[in-house]
Novice: 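For reference, the structure I am asking about is given below.
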Amino acid sequence: MKNLKLTLKAWPAITLITVALCCLTQNIAKLFGIELPDQSIIDIVKAYAGWNWRFVFIVAQIVIILPVIEELLFRGLLFKLPSRWGGKGATITAVIVSSVLFSAAHYIDQPFPNSAFIALFAFGIAQCWLYRKTNAIWSPMLNHALFNLTNLLLMFIVE
């Protein structure tokens, strides 16, 4: 129960900071005349928006399936295993490596960079912190699912 409370307390702060970093990155790039594209998944979601099976499947992937898979890979494997083997230096290295790879994984189908790279890197660090604090993989999974759901809702509310 304690871990659930921490996760639900951390979720709004992590989401707000990540969204703010994404907006800040976009605005700084604009100051230098650079137009950074959105993540390609945004176009996919918008293309199939509406209550149809394809849209429901995409939302299920974004809110349930991908958070579970990504957290198992990036926090459960790439963060947790190396941080167990070494001391503080190994933990810091594991945080950085898993967070960079998490952020980079969102560029498989599009050119680097986009407006979310730094924000996703910060999100990865926050997820490592949450996992380390709770010592329960379901905690970053739940936070990731809530984060993705919040961003989906914001995408349709703001646009």
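Because the structure is predicted, anything quoted here is derived from the model rather than measured.
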Novice: For a 4.5 angstrom cut-off between non-hydrogen side-chain atoms, does M141 reach L72?
Specialist: yes
Novice: Give me each pair satisfying side chain to side chain donor-acceptor pair (under 3.5 Å) with a member in residues 53-62, each pair once, sequence neighbours excluded.
Specialist: Y48-R54
Novice: Quick one: does L146's side chain get under 4.5 Å of T15's, heavy atoms only?
Specialist: no
Novice: Identify the two heavy atoms, one from L120 and one from S103, that lie closest to each other, and give their separation to 0.1 Å.
Specialist: CB-OG, 3.6 Å
Novice: Quick one, I64 and V59 - any side-chain contact, counting heavy atoms below 4.5 Å?
Specialist: no
Novice: Mind running side-chain contact (heavy atoms from CB on, under 4.5 Å) on F102 and Q127 for me, showing each step along the way?
Specialist: CA-CA 11 Å; F102 171 77; Q127 291 292 86; over 6 Å; no
Novice: If you define the side chain from C-beta out and look only at heavy atoms, does anything of V45 sit under 4.5 Å from F156?
Specialist: yes
Novice: Quick one, T25 with F117, criterion side-chain contact (heavy atoms from CB on, under 4.5 Å). Give me CA distance, side-chain angles, the key distance, then yes/no.
Specialist: CA-CA 9 Å; T25 301; F117 185 82; over 6 Å; no
Novice: Are H144 and F123 close enough that their ring centres sit under 6.0 Å apart?
Specialist: yes
Novice: Given side-chain hydrogen bond (donor to acceptor under 3.5 Å, both in side chains), test T7 with W138 step by step and report yes or no.
Specialist: CA-CA 10 Å; T7 302; W138 65 263; over 6 Å; no
Novice: Which residue, I42, V63, V19, I41, forms the side chain to side chain contact (heavy atoms under 4.5 Å, CB included) with N151?
Specialist: V19
Novice: Does the side chain of K80 come within less than 4.5 Å of N135's, by heavy atoms?
Specialist: yes
Novice: Mind checking whether F74 and F79 have ring centres under 6.0 Å apart?
Specialist: no
Novice: Is there a side-chain contact (heavy atoms from CB on, under 4.5 Å) between I44 and I58 once you walk through the steps?
Specialist: CA-CA 9 Å; I44 293 168; I58 290 168; 3.9 Å; yes
Novice: Could you check whether any side-chain heavy atom of N148 comes within less than 4.5 Å of a side-chain heavy atom of P67, counting everything from C-beta outward?
Specialist: yes
